[in-house]
Protein chains: 2
Amino acid sequence: MLSITEENYIKHILSLDLESSSNLGVGTNELALSLSVKPSSVNVMLKKLREKALIEYEKYGKIQLTEKGRLFGMTIIRKHRLWETFLYQKLDFTWDEVHEVAEQLEHIQSVKLVEKLDKFLGFPKIDPHGDPIPTEKGEIKIASKLFLSEIQTGKKCKMVSVKDNSAVFLKFVQELGLSINNEIEVLSKLDFDESIEISVNNQKSRVSKKFAQNICVILSDKN
Amino acid sequence: MLSITEENYIKHILSLDLESSSNLGVGTNELALSLSVKPSSVNVMLKKLREKALIEYEKYGKIQLTEKGRLFGMTIIRKHRLWETFLYQKLDFTWDEVHEVAEQLEHIQSVKLVEKLDKFLGFPKIDPHGDPIPTEKGEIKIASKLFLSEIQTGKKCKMVSVKDNSAVFLKFVQELGLSINNEIEVLSKLDFDESIEISVNNQKSRVSKKFAQNICVILSDKN
DNA sequence: AAAATTTGTTAGATTAATCTAACTTTATTA
DNA sequence: TAATAAAGTTAGATTAATCTAACAAATTTT
């Protein structure tokens with residue numbers, strides 16, 4: 001069994017890996033920054049994780065998770081996102097409060113607990129932030145969250161969350177008739193100011209790039 | 001903030017204190033046994049807890065919690081019992097599975113989480129084992145759990161749980177028409193074999209001392 | 001390609017929590 | 001009450017995770 005510290009190293013390696021589309025692996029300093037520890041601490045731990053066959057790495061090289069390490073990381077992310085869903089849906093935590101508590105809950109060791117929690121929540125596919133919840137086998141089945149600004153012209157997507165959670169922003173979102181689970185079609189993009197023309201509920205609107213960078217969506221299956 | 005280890009020390013001191021009706025305090029070896037560590041480890045930690053004003057103790061003396069320490073311990077017990085209730089009532093864990101997981105969950109740090117969990121569960125007063133759940137202020141308001149064998153002749157009590165959870169025992173309990181929340185009146189006790197005559201649902205039965213030592217009850221208010 | 005910068009590593013120190021082994025104090029019993 | 005047993009303490013070692021400071025390798029810039 002892994003210590004909480006080891007779990008956090010694995011989780012951060014995986015998260016950094018998932019963020020950077022490239023498959024080159026993670027650097028020592030990068031990981032140290034992400035974990036808020038010094039690179040020398042990371043270096044010590046890397047040797048330990050390599051011993052346990054959770055990562056592959058050699059001196060001055062990049063860090064890569066082994067299949068075992070990846071699976072471990074995925075179950076931690078799975079637990080994190082299930083707990084976030086629980087806190088949000090069942091305990092009425094707000095959107096921005098769930099992360100901190102889930103950081104702790106994700107380390108609870110009990111396979112049965114995760115299974116039962118999943119069932120209790122009705123086998124959710126995405127968490128309150130719109131991020132996909134990995135399966136028991138560590139697979140991410142649905143498309144990952146993107147920003148509306150990243151969707152290609154002509155494609156349809158579904159709104160899953162917002163990045164900015166300020167009252168001002170949310171009010172504007174509402175005025176556009178946008179809300180969670182709405183389908184959005186990207187009609188056109190203007191090179192001039194990078195503004196985007198979208199269609200929601202058969203109603204066309206034009207939004208700025210900055211706005212689109214704060215709307216989180218997943219690509220629809222019907223593309 | 002306390003480490004998980006420190007929290008466990010405080011919790012065990014409080015539990016040993018609550019178990020032993022006497023108010024003499026807890027011994028080093030006793031605590032070491034309860035925590036599954038060596039007495040020398042306890043000794044080191046005692047100095048630390050004294051520094052933090054959580055316990056009172058002097059060399060070769062007994063360990064006593066300060067008011068601050070007692071409150072801390074109570075909030076850990078409160079969290080433990082609330083989580084046990086959650087696991088049992090909402091996630092369909094069995095009676096004997098809840099403890100192990102609650103041992104981990106009790107260390108999650110979030111006042112808001114405890115409040116919201118309490119509300120979600122409908123402000124329960126006792127946990128699945130029949131033990132009282134302390135209030136936010138660290139008070140135990142309802143009578144503590146006793147064994148049926150400890151109830152005086154003529155008194156009424158309410159069944160809250162069983163100690164033995166074997167199928168054989170539970171079947172026998174059922175045959176007597178006994179179940180959770182039933183009111184039991186102790187009609188008489190026989191000095192000869194210490195058997196007890198009880199009344200449940202206006203039906204009289206005679207049970208052995210051993211049987212009565214496995215039925216957990218709380219005294220009724222109407223005594 | 002040499003210099004400068006960034007990135008990564010090593011050695012040695014520190015802290016928390018534990019252990020073993022030797023010792024001291026307190027309590028029990030013969 | 002003296003001997004024995006039980007309970008409690010101390011010193012010194014160990015492990016995990018961190019740090020600082022000095023150093024080495026790789027990359028980027030000039």
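Computed from heavy atoms alone, side chains included, the values below leave out hydrogens, waters and symmetry copies. Note on naming: letters A, B, ... go to the chains in the order of the sequence lines (proteins, then strands), and numbering restarts at 1 for each one.
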Next on the checklist: Treating A:K125 as the side-chain partner and A:F123 as the backbone partner, does any N or O pair qualify as donor plus acceptor under 3.5 Å?
Outcome noted: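 Yes, because the side chain of A:K125 sits within donor-acceptor range (under 3.5 Å) of the backbone of A:F123.
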
Checklist entry - Looking only at heavy atoms, what is the nearest atom pair of B:S15 and B:I77, with distance? => result OG-CD1, 4.2 Å

If you compare every side-chain N and O of [X] against the phosphate oxygens of [N] (OP1, OP2), does one of them come in below 4.0 Å?
X	N	value
B:S41	C:dC19	yes
B:Y9	C:dT18	yes
B:K62	D:dA7	no
A:N43	C:dT9	yes
B:K47	D:dT10	yes

Nearest-angstrom distance from the residue atom [atom1] of [X] to [atom2] of [N]:
X	N	atom1	atom2	value
B:I55	D:dG8	CD1	P	13 Å
A:N29	C:dT5	CG	P	17 Å
B:E51	C:dT15	CD	P	15 Å
A:L35	C:dG8	CG	P	14 Å
A:L46	C:dT10	CG	P	11 Å
A:I4	D:dT15	CD1	C1'	17 Å
A:E30	C:dG8	CD	C1'	13 Å
A:L31	D:dT18	CG	C1'	14 Å

Checklist entry - Strictly by modelled atom types, are B:H80 and B:D127 linked by a side-chain donor-acceptor pair under 3.5 Å? => result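 No pair is found: no donor N or O on one side chain lies under 3.5 Å from an acceptor on the other.
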
Checklist entry - Is B:V44 touching bases, backbone alone, or none of the nucleic acid, heavy atoms closer than 4.0 Å? => result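 Result for B:V44 = base.
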
Next on the checklist: Considering every strand and a 4.0 Å limit on heavy-atom distances, what is the contact class for B:S40: base, sugar-phosphate, or nothing?
Outcome noted: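 Base contact - B:S40 has a heavy atom under 4.0 Å of at least one base atom.
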
Checklist entry - In terms of ring plane angle, is the pair A:W83 and B:F86 parallel, tilted or perpendicular, where the classes change at 30° and 60°? => result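 Rings of A:W83 and B:F86: tilted, 30 to 60°.
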
Using a cutoff of under 3.5 Å, can you pull out all pairs of nitrogen or oxygen atoms linking the protein to nucleotides 24-29 of chain D, with atom names and distances?
from, atom 1, to, atom 2, distance (Å)
D:dA25, O4', A:Y60, OH, 3.3

Checklist entry - If you measure from the Lys or Arg side-chain nitrogens to the Asp or Glu carboxylate oxygens, is any gap between A:K11 and A:E103 under 4.0 Å? => result yes

Next on the checklist: I'd like to know if A:E115 and A:K112 make a salt bridge, using a cut-off of under 4.0 Å between side-chain N and carboxylate O.
Outcome noted: no

Next on the checklist: So, under a plain 3.5 Å distance rule, would you say the side chain of B:T5 forms a donor-acceptor pair with the base of C:dT18?
Outcome noted: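 By the distance-only test, no, there is no pair.
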
Next on the checklist: Once hydrogens and angles are ignored, does a donor-acceptor distance under 3.5 Å link the base of D:dT9 to the side chain of B:T28?
Outcome noted: no

Checklist entry - If we only count heavy atoms from C-beta on, is the A:F120 to B:D92 side-chain gap below 4.5 Å? => result no

